[in-house]
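Everything on this sheet refers to the single structure shown next.
Every heavy atom of this structure was used, including side-chain atoms; hydrogens, water molecules and symmetry mates were not.
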Amino acid sequence: MAISAKLLGEDEYVVVSTRTHWKALIFPVFLLLVVAGGGGFLAAIVPSGSLQTPARIAIGVVGLLVLVVFGAKPFLNWFFSTYTLTNRRLITRHGILTRTGRDIPLMRINDVSYEHGLIDRMLGCGTLQIESAGERGQVVLPDVPHVEHMHLQMSDLLFGGPEGRPGDGILDDEAPPEQLRRRPAEQPPAPREEPDAETLFSSEDDDRR
């Protein structure tokens with residue numbers, strides 16, 4: 001499920017990697033139960049005779065087609081849709097045959113928020129909304145599992161965690177870019193040291209004595 005290590009840059013690592021929430025599988029599972037139950041019932045009530053076997057085969061084929069057309073696509077969309085957060089970027093991948101993806105550098109993200117209604121709170125998912133400094137502006141990620149945890153992880157990377165990390169996906173042992181460096185507070189001038197009384201006379205005065 002996690003992105004391949006070959007696609008990660010130097011010093012880049014995966015923080016969170018997940019598929020969309022399993023609630024996308026509710027309809028396929030419900031359809032499977034209905035088709036299996038209905039097909040079994042119809043196959044059982046087919047009258048005996050020479051057409052019994054062909055009728056049962058036809059019922060099975062129709063049930064299989066219904067599952068493939070209406071059930072397989074939602075399942076495959078769920079299986080191949082992933083959200084990956086690294087210490088450098090947010091990576092989204094979607095699509096079954098035609099894959100589409102987008103990489104958003106954390107440096108370009110201005111704001112991140114989430115929302116989830118009552119049902120999403122019961123299921124433990126939500127929608128993540130990201131404001132980026134790009135052409136598309138807002139990016140919406142629906143059905144994110146444990147959206148609050150994902151939001152917290154992104155906030156720590158972007159703005160620094162409670163340990164005072166630099167934020168913006170910067171590692172602890174590297175310096176932030178020039179535009180993100182915090183200017184140190186101006187230090188008050190050091191107090192001027194008064195010379196000791198013993199050093200008021202130079203060595204030349206000692207020689208004259």
Side-chain angles (χ1 to χ4, degrees), residues 1-28 70-172 174-182:
M1 180 174 59
I3 192 170
S4 174
K6 298 179 181 179
L7 302 178
L8 299 178
E10 186 178 359
D11 295 330
E12 185 179 16
Y13 59 88
V14 174
V15 178
V16 179
S17 182
T18 181
R19 293 188 178 95
T20 55
H21 194 262
W22 55 263
K23 77 176 185 178
L25 301 178
I26 294 178
F27 176 74
F70 298 101
K73 185 177 180 180
F75 171 78
L76 293 176
N77 282 332
W78 168 83
F79 187 81
F80 289 106
S81 297
T82 59
Y83 302 136
T84 303
L85 175 66
T86 74
N87 62 318
R88 291 285 187 270
R89 52 187 168 148
L90 176 65
I91 305 170
T92 62
R93 295 292 183 267
H94 302 280
I96 302 173
L97 298 178
T98 302
R99 298 284 288 167
T100 59
R102 185 177 182 185
D103 296 1
I104 306 175
L106 296 184
M107 297 288 187
R108 300 181 66 88
I109 296 179
N110 299 325
D111 181 69
V112 55
S113 60
Y114 70 91
E115 63 178 13
H116 51 179
L118 179 60
I119 297 179
D120 287 342
R121 289 163 58 186
M122 295 173 60
L123 296 177
C125 64
T127 300
L128 199 65
Q129 298 177 347
I130 300 168
E131 296 286 346
S132 64
E135 296 179 357
R136 299 184 181 180
Q138 188 181 59
V139 178
V140 179
L141 305 181
D143 299 334
V144 179
H146 308 290
V147 65
E148 293 179 340
H149 177 69
M150 176 79 82
H151 177 266
L152 178 61
Q153 293 291 329
M154 290 192 67
S155 298
D156 285 350
L157 290 172
L158 288 169
F159 312 115
E163 297 83 6
R165 291 173 293 176
D168 292 303
I170 302 169
L171 298 177
D172 295 336
E174 65 181 0
E178 183 68 26
Q179 65 273 17
L180 296 179
R181 294 179 184 175
R182 298 178 179 176

(message) Working note: Ile104 + Arg89, criterion side-chain contact (heavy atoms from CB on, under 4.5 Å); need CA distance, chi angles, decisive distance, verdict.
(response) CA-CA 5 Å; Ile104 306 175; Arg89 52 187 168 148; 5.9 Å; no

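- At a threshold of 4.5 Å between non-hydrogen side-chain atoms, the residues Leu85 and Met150 count as touching.
- Atoms NZ and CG, from Lys23 and Asp143 in turn, are 4.0 Å apart once rounded to the nearest 0.5 Å.
- Note on Asp103 versus Arg108: no salt bridge recorded, every NZ/NE/NH1/NH2 to OD/OE distance being 4.0 Å or above.
- We find the CG-NE2 distance between Asp156 and His151 to be 10.0 Å, quoted to the nearest 0.5 Å.
- Annotation for Phe27 and Phe70: closest pair CE2-O, 3.4 Å, computed over non-hydrogen atoms.
- Salt bridge Asp11/Arg88: absent, no basic N to carboxylate O contact under 4.0 Å.
- The shortest distance between side-chain heavy atoms of Glu148 and His116 falls below 4.5 Å.
- The two residues Glu12 and Asn87 have their closest heavy-atom pair at CA-OD1, 3.3 Å.
- Note that the CG atom of Leu158 and the CD atom of Gln153 stand 11.5 Å from one another [nearest 0.5 Å].
- Between Thr84 and Leu90 there is no side-chain heavy-atom pair separated by less than 4.5 Å.
- Between the CG atom of Leu157 and the OG1 atom of Thr86 there is a distance of 8.0 Å, given to the nearest 0.5 Å.
- How far OG of Ser155 is from OH of Tyr114: 9.5 Å, rounded to the nearest 0.5 Å.
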(request) Give the intermediate values and the outcome of side-chain contact (heavy atoms from CB on, under 4.5 Å) for residues Leu141 and Thr127. (result) CA-CA 6 Å; Leu141 305 181; Thr127 300; 6.0 Å; no

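- Both the sub-6.0 Å distance and the 45° axial angle are not jointly satisfied by Arg99 relative to the ring of Phe80.
- Side-chain atoms of Asn77 and Phe75, non-hydrogen and from C-beta on, never get closer than 4.5 Å to each other.
- A donor-acceptor contact closer than 3.5 angstrom links the side chains of Ser81 and His94.
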(request) Please step through side-chain contact (heavy atoms from CB on, under 4.5 Å) for the pair Met154 and Ile130, ending with a clear verdict. (result) CA-CA 10 Å; Met154 290 192 67; Ile130 300 168; 4.1 Å; yes

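- In this structure, the side chains of Leu123 and His21 come closer than 4.5 Å at one or more pairs of heavy atoms.
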(message) Test side-chain contact (heavy atoms from CB on, under 4.5 Å) on Ile96 and Phe79; report intermediate values, then the result.
(response) CA-CA 9 Å; Ile96 302 173; Phe79 187 81; over 6 Å; no

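- Distance check, rounded to the nearest 0.5 Å: OG1 of Thr20 to CH2 of Trp78 gives 7.5 Å.
- Annotation for Pro145 and Thr18: closest pair CG-OG1, 3.5 Å, computed over non-hydrogen atoms.
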